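To keep things clear, I will list the structure first and then write my remarks on it.
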Amino acid sequence: MNIAYLLTGGNLGDRVKNLNDAEQVLNRQCGTVIKKSSLYETAAWGNTNQPAFLNQAIAIETKLDAEQLIHRILKIEKNMGRIRKEKYGPRLIDIDILLFNNDTVDLPFLKIPHPEMQNRRFVLIPLAEIAAEIIHPVLHKSISKLLTECKDESEVKKCP
Ligand code: GSY
C-alpha cells in the first residue's frame, strides 16, 4: 500500500461542499482517507485579486501508483467542473499531490514532492496538522520545521 498526502482547495461556488465532495470521491475512487486536516480559509496565492480559498490536507492509503493517482485526480477535477484556464486563476476544485510515500517523481505532468510546497503557508499549515513529523524526501526536514522556516506571510485561518 502507498500513502499519499494531498491538498484540496477551491475558491468558487459552495467551497465547503466542493471540498467535502472531493474528499468523498477520493475515498471512493482513489483509496481510503486515513487522515484529514481542518478546513482553512487562505488568502489566494499568486493572483491576490480573487476570492479567498478553502484548503484541506488529506492522507489516503492507496493501491494506485503516483501516475495512476494523478490521472484519477484529473478525472475527478474534470467531473467536478474544473476547467484549467489561468495558472493562478480562481477554481471550483484543485487537488494536488504533495507527497507520495518517500518517493520523488519528475515527469512533465507530475512533480513529487510538490515543488512549491515548502514556500506556501496554505499548504504547510493544513499538512502540519496531520503530518508534522513526516520528513520531506528532498529537503530532509520535517513539515513542522519547513513551516517554521517558511517566509510566506499570507493569511491562513482555521475554520471554526
Ligand atoms: O495550488 C492550488 C490552487 N491554488 C491555491 C490554493 O489552493 N490556495 C490558495 N490560498 N491560493 C491558491 N492559488 C492557487 S493557483
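None of these values were measured; they are calculated from a predicted model. Order of appearance sets the numbers: ligands from 1, and atoms from 1 within every ligand.
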Tabulation required: pairs of a nitrogen or oxygen in ligand 1 and a protein nitrogen or oxygen under 3.5 Å; columns are atom names and distance to 0.1 Å; otherwise 'none'.
{"from": "ligand 1", "atom 1": "1 (O)", "to": "D96", "atom 2": "OD2", "distance (Å)": "3.4"}
{"from": "ligand 1", "atom 1": "7 (O)", "to": "N55", "atom 2": "ND2", "distance (Å)": "2.8"}
{"from": "ligand 1", "atom 1": "8 (N)", "to": "N55", "atom 2": "OD1", "distance (Å)": "2.9"}
{"from": "ligand 1", "atom 1": "10 (N)", "to": "T42", "atom 2": "OG1", "distance (Å)": "2.7"}
{"from": "ligand 1", "atom 1": "10 (N)", "to": "A43", "atom 2": "O", "distance (Å)": "2.8"}
{"from": "ligand 1", "atom 1": "11 (N)", "to": "W45", "atom 2": "N", "distance (Å)": "3.0"}

Taking only residues at least two apart or on different chains, which pairs with a member in residues 10-26 satisfy side-chain hydrogen bond (donor to acceptor under 3.5 Å, both in side chains)? N11-Q50, R15-E41, K17-D21, E23-K36

Which value, rounded to the nearest 0.5 Å, describes the distance between F122 atom CZ and S154 atom OG? 8.0 Å

Side chain K111, main chain L107, donor-acceptor under 3.5 Å: yes

Hey, can you pull the donor-acceptor pairs under 3.5 Å for the side chains in residues 2-9, sequence neighbours left out?
{"from": "N2", "atom 1": "OD1", "to": "N101", "atom 2": "ND2", "distance (Å)": "2.8"}
{"from": "N2", "atom 1": "ND2", "to": "T62", "atom 2": "O", "distance (Å)": "3.3"}
{"from": "N2", "atom 1": "ND2", "to": "L64", "atom 2": "O", "distance (Å)": "2.9"}
{"from": "T8", "atom 1": "OG1", "to": "Q56", "atom 2": "O", "distance (Å)": "3.3"}

Can you list the residues that meet the side chain to side chain contact (heavy atoms under 4.5 Å, CB included) rule with I135, with sequence neighbours excluded? S142

Counting N and O atoms only, with roles assigned by atom type, does the side chain of S37 sit under 3.5 Å from a partner on the main chain of I130, one being a donor and the other an acceptor? no

